[in-house]
Novice: 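Mind looking over this structure? Questions follow.
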Amino acid sequence: MKDQQESRTGRPAVPAPPGTTTAPAETVTGSQALVRSLEQVGATNVFGIPGGAILPAYDPLFDSQKVRHILVRHEQGAGHAAEGYAVATGEVGVCMATSGPGATNLVTPLADAHMDSVPMVAITGQVGSTAIGTDAFQEADICGITLPVTKHNFLVKTPDEIPHAIASAFHIASTGRPGPVLVDITKDALQSTTSYRWPTTLDLPGYRPVSKPHGKQVREAAKLITAATRPVFYVGGGVVKSGAAAQLRELVELTGIPVVTTLMARGAFPDSHDLHMGMPGMHGSVAAVGALQRSDLLISLGARFDDRVTGALNSFAPGAKVIHVDIDPAEISKNRIADVPIVGDCRDAIAELTGRMREEQMPTLTPWVSYLKDLRRRYPTGYDLPTDGTLSPQQVIKRIGDLTGPDAYYAAGVGQHQMWAAHFLPFEHPSHWLNSGGLGTMGYCVPAAMGAKVGRPDSVVWGIDGDGCFQMTNQELVTCALEGIPVKIAVINNQSLGMVRQWQTLFYEGRYSNTDLKTNRVPDFPRLAEAMGCVGLRAETSDEVDPVIDKALSINDRPVVVEFVVNKDAMVWPMVAPGTSNNDIQMARDMAPVWDEEEL
Ligand SMILES: Cc1ncc(C[n+]2csc(CCOP(=O)(O)OP(=O)(O)O)c2C)c(N)n1
């Protein structure tokens, strides 16, 4: 197979090459073929819930010695757990659901994985092939529904197709730009028999992901780099996905070019590195936003010029030329025209660029780097402590990071706590940060943390969640308690849908329409946690913070939920107001930085 690539998982996610001998075909049911195929691709953990149409598959799954099935409480939890597993391990995450409502409950995680390029395979049962289109009980056209939010999907109507569909799904999910693939299998295909044969080739017309960057383009990029005086590496999630963090560090240290890491790329480059200017974007650091705006060359690596990073596009990085490296040609010049497009895997492209740059003479970047370091020194991403004795949410999150360290895995929900987690947790390693960046899915945190802990059982896994988000998917803590998945969840309880409240404060004259969750009374989070089989803890004053974190860190036989009752008026700063230019970033309300550009 010409386009066969090594999977990022290091596992045999794709079939053996042509010529490899296969065992003689054996007669099995479609369901048995499915379970065997999962074993063959090396899937060890499947998150799911059974139901009528997928039920035949659950029977042989019961006997599998290789595939562990984790019975979740909601299919959305299965999908986000598969994502969390995939992000933390680099392997393909797998989830399973029945037809109709089981499948439609997977739509949000599929869309989430699609936006954030997470390798995931979802397997759904479908009604019998002759009932398709009849509005049969629990029928939903899940292939139609998920067409725009999957990298690919398959409707499988005969048992013979199952091994090929599964092999292809894992191959497509994990190669090129990773993403979610759905395999929808009719009940009769699961029930009838077939001769099991693992495919030796994959028939995927038109699927030819390019991973090797074009040498000429790399040379052009090197030319632009040596001609620049204000270059910056704009690093996105693609660097994490391609496993290019070590290569990136080498290139940065060779060239001395400063770095910004997007929300999806936190950890791709160590926060502690002197050339790291922080996270750009709507809630980015002044130094990172300033670096992009004042740059004369953006070297975009696996980033997609998302509107949350660019702000108003017409005033984004106005003086910069652009080198854009991306494995997905559709990303290049989508939002900003690239002067040098490089289609390819970030790891290969960075390695080639490094080789090239070794032969080049870098101009001095001292004035530029000093300017950015000065911005970083003058405008650190900080916070004020509340004066009324209430807890600072930022300080709570910072203490969790300080006491736990950068080797832990951290998942977040969506909202203010997510941005504070991105700012104040210690990011030193790639793939240790899990969050819903593209879709912004409340409810992501608890199940994603569960998936990460399944994939990384020997590591500490924290979920930093909001009181709003937590109420969307906390039921998966029951799964964690029963399945022996001891995650730690911090509920940052500001009694409100904080991020929305912040926008109401800033843009709706403080009219707090429907953002007060009243979670100072109901639910009682520690008691809810206890009811779900977890340890429930609470901190309300600053002197309770460290002891409660230490206590949570000391419990490893059960999941722990710590409620931190925090000040509800804390806001996320800096901020580029929606629809405005990055040039108008504010460090606090009505406080703009002084750029002192003449120093450049
Ligand atoms: C499923 C979903 N519904 C609605 C939103 C819109 N939204 C974004 S942030 C947010 C508030 C989140 O509240 P909470 O979890 O308490 O976190 P906080 O912002 O207070 O830290 C809402 C409602 C969303 N992102 N996702």
Side-chain angles (χ1 to χ4, degrees), residues 74-77 79-80 83 104-116 149 263-264 281-283 306-308 383 386 390-398 400 410-425 434-449 462-477 489-508 511-523 525 528 561-573 575 577-578:
H74 191 298
E75 289 85 355
Q76 184 185 356
H80 293 316
E83 288 189 87
T104 55
N105 276 347
L106 286 179
V107 172
T108 297
L110 285 168
D112 194 89
H114 194 241
M115 290 284 263
D116 286 347
V149 295
L263 181 65
M264 294 310 294
M282 177 177 271
H283 291 297
D306 176 67
D307 55 272
R308 282 293 192 264
Y383 52 90
T390 53
L391 276 182
S392 147
Q394 298 97 321
Q395 191 183 32
V396 164
I397 293 169
K398 184 163 187 317
I400 291 173
Y410 295 97
V414 168
Q416 292 181 309
H417 63 280
Q418 173 191 24
M419 293 300 129
W420 290 321
H423 284 158
F424 300 115
L425 291 176
L434 299 89
N435 88 131
S436 170
L439 198 64
T441 308
M442 288 175 73
Y444 172 88
C445 177
V446 171
W462 270 107
I464 310 290
D465 215 357
D467 47 323
C469 293
F470 183 78
Q471 290 186 77
M472 291 201 177
T473 50
N474 66 75
Q475 78 286 340
E476 296 313 335
L477 283 166
I489 305 294
V491 179
I492 309 298
N493 182 2
N494 56 4
Q495 303 100 55
S496 57
L497 296 168
M499 185 58 98
V500 183
R501 188 177 191 275
Q502 171 164 343
W503 284 41
Q504 289 172 331
T505 304
L506 296 173
F507 312 121
Y508 292 87
R511 287 164 51 78
Y512 298 120
S513 170
N514 291 283
T515 44
D516 182 359
L517 289 172
K518 303 187 170 62
T519 27
N520 49 343
R521 288 182 276 125
V522 181
F525 288 109
L528 176 61
V561 175
V562 191
E563 179 194 17
F564 293 95
V565 181
V566 300
N567 182 288
K568 69 176 175 193
D569 293 321
M571 289 211 256
V572 183
W573 298 108
M575 183 170 188

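Because the structure is predicted, anything quoted here is derived from the model rather than measured. Atoms within a ligand are numbered from 1 in the order they appear, just like the ligands themselves.
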Novice: If you take the centroid of each ring, where Trp contributes its six-membered ring, are W503 and F507 closer together than 6.0 Å?
Specialist: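 Here the rings of W503 and F507 have centres that are less than 6.0 Å from each other.
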Novice: Please could you name the atoms of ligand 1 that G466 approaches to less than 4.0 Å, counting only its heavy atoms?
Specialist: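 Atoms satisfying the 4.0 Å criterion: 14 (P), 15 (O), 16 (O), 17 (O).
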Novice: Might you confirm whether atom OH of Y512 has over 12 heavy atoms from other residues, nucleotides or ligands at distances under 6.0 Å?
Specialist: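 Buried by this count: over 12 neighbours within 6.0 Å.
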Novice: Can you list the atoms of ligand 1 that are under 4.0 Å from a heavy atom of G415?
Specialist: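 Once the distances to G415 are compared, the set is 9 (S), 19 (O).
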Novice: Tell me whether ligand 1 is touched by S496 - counting only heavy atoms on the residue side and a distance under 4.0 Å.
Specialist: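 Yes, S496 has a heavy atom closer than 4.0 Å to ligand 1.
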Novice: Between the side chains of N520 and Q495, does any donor sit under 3.5 Å from an acceptor?
Specialist: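 Absent: no donor and acceptor within the cut-off.
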Novice: Please list, chain by chain and in numerical order, all residues satisfying salt bridge (charged side-chain N to carboxylate O under 4.0 Å, His left out) with K398, sequence neighbours excluded.
Specialist: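 Scan of K398 (salt bridge (charged side-chain N to carboxylate O under 4.0 Å, His left out), adjacent residues dropped) gives D402.
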Novice: Number the atoms of ligand 1 from 1 as they appear, then name those within less than 4.0 Å of a heavy atom of H417, with their elements.
Specialist: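 Taking each heavy atom of H417 in turn, ligand 1 has 15 (O), 17 (O), 18 (P), 21 (O) under 4.0 Å.
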Novice: Give the residue, atom name and distance (to 0.1 Å) of the protein heavy atom nearest atom 7 (N) of ligand 1.
Specialist: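 Looking at atom 7 (N) of ligand 1, the protein heavy atom closest to it is M442 SD, 3.7 Å.
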Novice: Nearest to atom 12 (C) of ligand 1, what protein heavy atom do you find, and at what distance?
Specialist: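 Ranked first by proximity to atom 12 (C) of ligand 1 is V414 O, 3.4 Å.
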Novice: With a 4.0 Å cut-off on heavy atoms, does G440 reach ligand 1?
Specialist: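 The answer is yes: ligand 1 sits under 4.0 Å from a heavy atom of G440.
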Novice: Nearest to atom 15 (O) of ligand 1, what protein heavy atom do you find, and at what distance?
Specialist: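 For this ligand atom, the closest protein heavy atom is C469 N, 2.7 Å.
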Novice: Side chain of Q502, backbone of M571: donor and acceptor closer than 3.5 Å?
Specialist: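 No, because the side chain of Q502 does not come within donor-acceptor range (under 3.5 Å) of the backbone of M571.
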Novice: Say whether, by atom type as modelled, one donor and one acceptor occur between the side chain of H74 and the main chain of M472 under 3.5 angstrom.
Specialist: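 Not confirmed, H74 side chain does not pair with M472 backbone.
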Novice: Any nitrogen or oxygen of L497, main chain or side chain, under 3.5 Å from a nitrogen or oxygen of ligand 1?
Specialist: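 The answer is no, given that L497 and ligand 1 share no N or O pair closer than 3.5 Å.
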Novice: Taking only residues two or more places apart in sequence, or in another chain, which ones meet E75 in a salt bridge (charged side-chain N to carboxylate O under 4.0 Å, His left out)?
Specialist: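 Checked E75 against salt bridge (charged side-chain N to carboxylate O under 4.0 Å, His left out); zero matches.
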Novice: Go through ligand 1 atom by atom and flag the ones less than 4.0 Å from a non-hydrogen atom of V500.
Specialist: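 In order of number, 7 (N), 10 (C), 22 (C), 23 (C).
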Novice: Do T519 and E563 have side chains that approach each other closer than 4.5 Å (heavy atoms only, starting at C-beta)?
Specialist: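 Side chain of T519 against side chain of E563, heavy atoms only: no contact under 4.5 Å found.
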Novice: Please confirm whether N494 comes under 4.0 Å of ligand 1, counting heavy atoms of the residue only.
Specialist: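 Within the 4.0 Å threshold, so yes.
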Novice: Under a 4.5 Å cut-off applied to non-hydrogen side-chain atoms, are S436 and E83 in contact?
Specialist: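 No, side chains not in contact.
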Novice: Going by the order shown, which atoms of ligand 1 are within less than 4.0 Å of some heavy atom of G498?
Specialist: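 Reading through ligand 1 atom by atom, the close ones are 13 (O), 18 (P), 19 (O), 20 (O).
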Novice: Please state which protein non-hydrogen atom is closest to atom 14 (P) of ligand 1 and give its distance, to 0.1 Å?
Specialist: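 Its nearest protein heavy-atom neighbour is G468 N, 3.6 Å.
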